[in-house]
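Working notes for the structure below.
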Amino acid sequence: MVNQLNDYRCDFPILDQIVNDEPLVYLDNAATTQKPQAVIDRLVAYYQNDNANVHRGVHTLAERATAQYEAARTKVQTFIHAAASAEVIFTKGTTQSLNWVAGSFGPTVVEAGDEIMISVMEHHSNLVPWQQLAQKTGAKLRYIDLLPDGQLDLESARQVIGPKTKIVSLAHASNVLGVVNPIKTIAALVHAQGGYMVVDGAQAVPHMMVDVQALDADFYAFSGHKMLGPTGIGVLYGKQALLEQMPPVEYGGEMIDFVGLQSSTFKELPWRLEGGTPNIAGAIGLGAAIDYLTQIGMANIQAHEQALVTMALPQLQAIDGLTIYGPQDAAQRTGVIAFNLDNLHPHDLATALDMEGVAVRAGHHCAQPLMRWLNVAATARASFYLYNTEADVKTFVTAIQAAKEFFQNGTL
């Protein structure tokens, strides 16, 4: 599968460049992915040929723009197996989607004394909004434990999810540990108690087939830029009855039906929750990204990443002084590998790798509580995607070994 997907690498013009006198090896895909020429061309074509505001005009350009924008919504619906296109709300990204659920839906179901459940592995975007909701409503924010290898402790989940649990919100896949959480199992637990399941899918939708109905997620959020699409576009999926329950977050153009001097009425879903001029080009670009991913096949992409991680893990584990966080078995993780090298700050390590043309992330990855749980201030992180190759893995490992030798002995 690795060799087969290598054919797609040439579709990404940004990868064909030299960084610090070395060919670029881009391993920061968990932060953002690169864009294939097909997505770039689609964005240019929209602005060159069809640029107009949507839903408001009867002229030809407006009708073409509206048709493309709504076609992108239908593509998202099909891609995540939503029951209806009205269940797909376009947002700026995962962060905004989760904030909308916590800030708009949350107060309609959470009261003082209720409990909100998350885990310590959550990205700040799936942690801080729930802190704010708990503080505003008088609810209690509780945490599901993790096992020593970073996987979610299902026994802990069964113990803490109870009659007071109104919302459980979890990452489908961790942006640090690489673990994939058993969302369907957790959803069944929370639904049995009359609560709601919210999912941060930012690190899952780009890398595996996601069926929101099979997962029985009440809300599911993800970002376009992590799946080959433009920045500034994302999706909030919600079951239609629950989205109907959400008060609009923003009021103004696009989402209104009738405006009087003292009161107004609003459109039906999904437009009721999309006030103002939307990111039209972003949605169309996301639709093009979905076309590209669908052509390759999500099962093929997942298998490709699995092959790269299976190749990388044992080589990394063999480096003396290198610590890998999360499960040590490649079969139990995604293409995200967080690691540290003894006595070397991850920022210094990332800088050394950059001098070899290898782009990785270093820092707390918007997961400070998880860093404290791991007893570290920060980690380096490599993350693979469909255009990465076995040669990238070899270069990555060799660069780490060279960095270790340099910082220990001062030689390359």
Any residue meeting salt bridge (Lys or Arg N to Asp or Glu O under 4.0 Å) with [X], in chain and number order, not counting sequence neighbours:
X: Glu111; value: none
X: Asp153; value: none
X: Arg372; value: none
X: Asp28; value: Arg361, Arg381

Using residues 198-212 as the side-chain source, report each donor-acceptor pair under 3.5 Å to any protein atom, sequence neighbours left out, with the distance given to one decimal.
{"unit_1": "Asp200", "atom_1": "OD1", "unit_2": "Ala202", "atom_2": "N", "d": "3.1"}
{"unit_1": "Gln203", "atom_1": "NE2", "unit_2": "Ala30", "atom_2": "O", "d": "3.0"}
{"unit_1": "His207", "atom_1": "ND1", "unit_2": "Glu305", "atom_2": "OE1", "d": "3.1"}
{"unit_1": "His207", "atom_1": "ND1", "unit_2": "Glu305", "atom_2": "OE2", "d": "2.7"}
{"unit_1": "Asp211", "atom_1": "OD1", "unit_2": "Gln213", "atom_2": "N", "d": "3.0"}
{"unit_1": "Asp211", "atom_1": "OD1", "unit_2": "Ala214", "atom_2": "N", "d": "2.9"}

Counterpart residues, side chain to side chain donor-acceptor pair (under 3.5 Å), relative to [X] (two or more places apart):
X: Arg333; result: none
X: Trp100; result: none
X: His345; result: none
X: Thr277; result: Asn53

- Task: Mind jotting down which residue pairs meet the salt bridge (Lys or Arg N to Asp or Glu O under 4.0 Å) criterion with at least one end in residues 79-96? Sequence neighbours excluded, please.
- Result: none
- Item | Summary of salt bridge (Lys or Arg N to Asp or Glu O under 4.0 Å) pairs that have at least one residue in residues 161-182, sequence neighbours excluded |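 As it turns out, the salt bridge (Lys or Arg N to Asp or Glu O under 4.0 Å) pairs with a partner in residues 161-182, which skip direct neighbours, are Asp114-Lys166.
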- Message: So does Thr165 get a backbone contact from the side chain of Glu115, meaning a donor-acceptor N/O pair under 3.5 Å?
- Response: no
- Message: Can you confirm whether more than 12 heavy atoms, excluding those of Asn20, are under 6.0 Å from its CG atom?
- Response: yes
- Task: Establish, yes or no, whether a centroid distance under 6.0 Å links the rings of Tyr237 and Phe219.
- Result: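 For Tyr237 and Phe219, the ring centres are not under 6.0 Å apart.
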- Sequence-distant partners of Phe396, ring-ring contact (aromatic ring centres under 6.0 Å, His included), two or more places apart: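 Phe396: ring-ring contact (aromatic ring centres under 6.0 Å, His included) contacts with Phe339.
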